[in-house]
2 protein chains.
Amino acid sequence: MAYRETDRVRARKAEARSRLIAAAFALVTKGGFRNAQVSQVAELAGVATGSVYRHFASKGELFSEVFRIATQKEVDKVSEALATPGSALERLERALRTFAVRALKAPTLAWSLIAEPVDPQVDADRLQYRLAYAELFQRAIEEGTATGELPPQDPRISATALVGTIAEVLVGPLSPGSHAALGASGPSHQHHLVEGIVRFCLQALTGKALNTDNSPQSFAEGASS
Amino acid sequence: MAYRETDRVRARKAEARSRLIAAAFALVTKGGFRNAQVSQVAELAGVATGSVYRHFASKGELFSEVFRIATQKEVDKVSEALATPGSALERLERALRTFAVRALKAPTLAWSLIAEPVDPQVDADRLQYRLAYAELFQRAIEEGTATGELPPQDPRISATALVGTIAEVLVGPLSPGSHAALGASGPSHQHHLVEGIVRFCLQALTGKALNTDNSPQSFAEGASS
DNA sequence: ACATAAAATGAATCGTGATTCACACTTATG
DNA sequence: CATAAGTGTGAATCACGATTCATTTTATGT
């Protein structure tokens, strides 16, 4: 016997592994899964292409992990927002804001997590992601209806609708390459979007009119057809 | 000069061309763009693979056309619903129902049109598709706010949110291969989904509570994890 | 230092599917 | 009928990226 894995090696391997994940994450954040080839990931992580397979059985497995990590981070934030003190409605509003604002800050990533097509393996994870959000919202809605704060409704449908609303408003019109437009649109426009979303969602949930100032901003600014 | 295209030939070509489109459409409807290879399309249309390229410069162009046609059909239906007589709200409700019911009837197609990743060329068309819907809704919402029937709001955001809500509720939880589950869930469940969507959307638009019977149905039936 | 075993490498291989193309077959004109 | 000009064919080619693997490098134990 003349060799056995030692701590130093184990540490280096772990380091390389997380460097790979970080690299993959960075590539997805920048250009979506589509432009994240194994060789690119390897290069960015500073290892050879083949080495990727020392750490992950396949590309799908690597990206599945990237996806799960990114997902976890986002879902945690929303979960946190829902765990703050306050009425169900207040907490839902905070959660919606959190979701929306974070998605606006990293639109390509948000788009990748919510909508971009990838591996079948990753697609399965995406379902989890959407579901995780929906379930968080669902629970809060159930609390709200239980206390009478919210009118009776199917909490699963409402929760799913919240996810859909945010996803569509934020990434739908901005998905392909037009993320640039978003960045260029200025924080004021972004704020307007978030307020619009929140208002729409809260009205849908409560059935009560909100007075929030959502008087049309400069609509003409976007492509109007 | 000894040959010039004549009517008969032109007709045959046109026929083959539309047969190709029909075949591509059928494949997309059944399995999404992912399982619609050029060779499959050719086979289904009863021509050789190479012949496809006598009619379309590339796969992207063929599917782009398929996409546009499918889109047009759907958008026309919604447009029709919005053109019926009645208040803005009534018309919006009809339009939402139309959109939702049609998507439920052909979920794979709906998913392909709304969300499935494909060619960059087709992705561009998808933007058009979503936009077309959003613009239809937007116009109706603008009419509603003009007459005071609807409270002031950013019509573009609301319109986009409507699209997102329907898309997510209908195709989100049902996208990968679970369309089967949808079909198996029975018309009663489908009806429940549509009602839930409509209620959510109308409340969001009007800020007024609706009494529609949306008391939770059998929620336990879906994956509850 | 030497031997051994694991780890890293990256060029070669493989798989998938779109696209091409040399050839055979049809159609229109004189 | 001969000829020009298409059309249709489908096997071969290409492109692109994931995956493999023979070889080299590095690490450990004696």
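The analysis underlying the following values was restricted to heavy atoms, covering all of them including side chains, and did not include hydrogens, waters or symmetry mates. Every chain is numbered from 1 and lettered A, B, ... according to where its sequence line falls, protein lines coming before strand lines.
A donor-acceptor pair shorter than 3.5 Å cannot be found between the side chains of A:Thr98 and A:Arg94. Counting only N and O atoms by type, the side chains of A:Glu168 and B:Thr160 include no donor and acceptor under 3.5 Å apart.
Side-chain nitrogen and oxygen atoms of A:Arg12 include at least one within less than 4.0 Å of the OP1 or OP2 phosphate oxygen of C:dA8. Under 4.0 angstrom from either OP1 or OP2 of D:dT9 there lies no side-chain N or O belonging to B:Arg54.
Applying the salt bridge (Lys or Arg N to Asp or Glu O under 4.0 Å) test to every pair with at least one member in residues 100-111 of chain A, sequence neighbours left out, gives these pairs: A:Glu74-A:Arg102.
Between the CD atom of B:Glu43 and the P atom of D:dA11 there is a distance of 12 Å, given to the nearest Å. C:dA6 atom C1' lies 13 Å from atom CZ of A:Arg10, rounded to whole Å. Atom CD in B:Gln40 sits roughly 16 Å away from atom C1' in D:dG10 (whole-Å rounding). Put simply, CD on B:Glu5 is 15 Å from C1' on C:dT29, counting in whole angstrom units. The distance between atom CZ of A:Arg8 and atom P of D:dG29, rounded to the nearest whole Å, is 11 Å. Per the geometry, CG belonging to A:Leu27 stands 13 Å off P belonging to D:dG17, to the nearest Å. Rounded to an integer number of Å, the gap from B:Asp7 CG to D:dG6 P is 17 Å. Atom pair A:His55:NE2 and D:dT19:C1' shows a separation of 16 Å (rounding to whole Å applied).
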Enumerate the protein-to-nucleotides 13-20 of chain C contacts in which both atoms are nitrogen or oxygen and the separation is below 3.5 Å.
from, atom 1, to, atom 2, distance (Å)
C:dA18, OP1, B:Lys59, NZ, 2.6
C:dA18, OP2, B:Val38, N, 3.1
C:dT19, OP2, B:Tyr53, OH, 2.6
C:dT19, OP2, B:Lys59, N, 2.8
C:dT19, O5', B:Tyr53, OH, 3.4

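A cation-pi arrangement is present between B:Lys59 and B:Phe63, with the terminal nitrogen or guanidinium carbon under 6.0 Å from the aromatic centre and inside a 45° cone about the axis.
A side-chain hydrogen bond (donor to acceptor under 3.5 Å, both in side chains) with B:Glu15 is found for exactly one of B:Arg19, B:Arg17, B:Lys13, B:Arg12, namely B:Arg19.
Relative to the side chain of B:Arg4, the nucleotides C:dT27, C:dT29, C:dT9 differ in distance, and C:dT29 lies closest. The side chain of B:Lys13 approaches D:dT7 more closely than any other nucleotide in the set D:dT9, C:dA28, D:dT7.
Other residues, nucleotides and ligands contribute at most 12 non-hydrogen atoms within 6.0 Å of the CD atom of A:Glu43.
Relative orientation of the B:Tyr133 and B:Tyr129 rings is perpendicular, given thresholds of 30° and 60° on the angle between their planes.
Using a 4.0 Å heavy-atom criterion, one finds that A:Val52 contacts no nucleic acid atom at all.
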